[in-house]
Amino acid sequence: MTMRNMTSSGTASSRGIAAIVGVGPNLGRSIARKFAHEGYTIAILARDLERLSRLAEEIAREKMSQVFAIRIDCSDTKSVREAFESVLSLGFVEVLVYNAYYQPLPNNCWNPISFQHLTLDTFQKSLAVSSLGAFHCAQRVVPAMVRRGKGTILFTGFSASLNGITGYSQLSVGICVESFSTMLS
C-alpha cells in the first residue's frame, strides 16, 4: 500500500486538496502544516512512507485535519503516476507544491560534493527528481485546474539553480523548472 490516511476529528475540507511533494522534517512539513491550518485536506508525498506517516499523524493531530501520506519516487515516472492516482482519488488538487530534490546523503548528513567527485549517476538522479519529477507531477494536476479555472502550482528550493552553491552542483539542474513554471502561468 502506498497511501495511509491520518485523520483527526476534523472534517473533510471544502477547500480541496493541497498536495505537497518532497515532504521532510523542515520546509515540506512547514508547508503542509500551513495549508492544513488554512483548511485544506493534505496529501504529503515522499520516498520514506514510515517517516511520512509519522509527520502525517503529527500534522493531523495538531491541525485537526485530514492528512494522507503517499509514497512517491519523483525520479520514477510509474511511481509518480501511481502516487497521483491516489492523490486524485481524494478530490480536486487545488494546490501542488513541488519541494522535491535529490541530494545523496553519505553518512546521513549534508556533505558538499566537489564537481570532480560528482558522479554521472548522482547528476542524472538529481535531474530526474528536480526537473522531470516536477514536470510529471504538474502534468497530473494541470488538466483539472484548467477545467475548473483555478489552481496553484508552487516550485520551491531552486535557488541553487540560480546562484549556485559550491559543493552542490547536482542541485543546479533545477534551472529548467524556473522556465517551466513561467511557461505554466
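Hydrogens, waters and symmetry mates are skipped; everything else that's a heavy atom, side chains included, is used. Because the structure is a prediction, the values reported are computed rather than measured.
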Quick one: [atom1] on [X] to [atom2] on [Y], what's the gap to the nearest 0.5 Å?
X    : Y    : atom1 : atom2 : result
L132 : D76  : CG    : CG    : 11.5 Å
F84  : Q139 : CZ    : CD    : 11.5 Å
I72  : L52  : CD1   : CG    : 10.5 Å
H136 : S79  : NE2   : OG    : 11.0 Å

| Given the rule in the side chain to side chain contact (heavy atoms under 4.5 Å, CB included) test, do K150 and E94 qualify, once you have shown the distances and angles that lead to the verdict? | CA-CA 7 Å; K150 69 177 185 175; E94 190 170 327; 3.9 Å; yes
| Pair E82 + R71: basic N to acidic O under 4.0 Å |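 Here E82 does not pair with R71 in a salt bridge, since their nearest N and O are not under 4.0 Å apart.
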Side chain to side chain, [X] and [Y], heavy atoms closer than 4.5 Å:
X    : Y    : value
C137 : I153 : no
L96  : R140 : no
P25  : R51  : yes
V95  : Y40  : yes
F68  : V87  : no

Where is the tightest heavy-atom contact between [X] and [Y], given as atom of each residue plus distance?
X   : Y   : value
C74 : V80 : CA-CG2, 3.9 Å
A32 : I42 : O-CD1, 3.8 Å
A83 : L45 : CB-CD2, 3.9 Å
A36 : I59 : CB-CG2, 3.9 Å
A43 : I70 : CB-CD1, 4.2 Å
D73 : R47 : CA-CG, 4.1 Å

| said: Quiz question: by atom type and distance under 3.5 Å, do the side chains of T119 and D121 form a donor-acceptor pair? | reply: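 No, no side-chain donor-acceptor contact under 3.5 Å.
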| said: Between K63 and F35, does the side chain to side chain contact (heavy atoms under 4.5 Å, CB included) criterion hold? Intermediate values first, please. | reply: CA-CA 10 Å; K63 301 298 177 184; F35 280 103; over 6 Å; no
| Single hit among T41, T152, L88 for side-chain contact (heavy atoms from CB on, under 4.5 Å) with V93 |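 The side-chain contact (heavy atoms from CB on, under 4.5 Å) with V93 is passed solely by L88 among T41, T152, L88.
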| request: Take I31 and T156 through the test side chain to side chain contact (heavy atoms under 4.5 Å, CB included) and record every step on the way to the result. | output: CA-CA 10 Å; I31 293 168; T156 69; 4.2 Å; yes
| task | Check the pair L55 / V67 against side chain to side chain contact (heavy atoms under 4.5 Å, CB included), numbers first and verdict last. | result | CA-CA 9 Å; L55 291 173; V67 183; over 6 Å; no
Are the side chain of [X] and the backbone of [Y] linked by a donor-acceptor contact shorter than 3.5 Å?
X    : Y    : result
T122 : L118 : no
S130 : S126 : yes
N99  : G22  : yes

| message | In this structure, would V141 and V146 fall into the same cluster of hydrophobic residues linked by side-chain contacts under 4.5 Å? | response | yes
| field | Residues K34, E38; criterion salt bridge (Lys or Arg N to Asp or Glu O under 4.0 Å); working and verdict | value | CA-CA 6 Å; K34 176 65 175 168; E38 296 296 321; 3.1 Å; yes
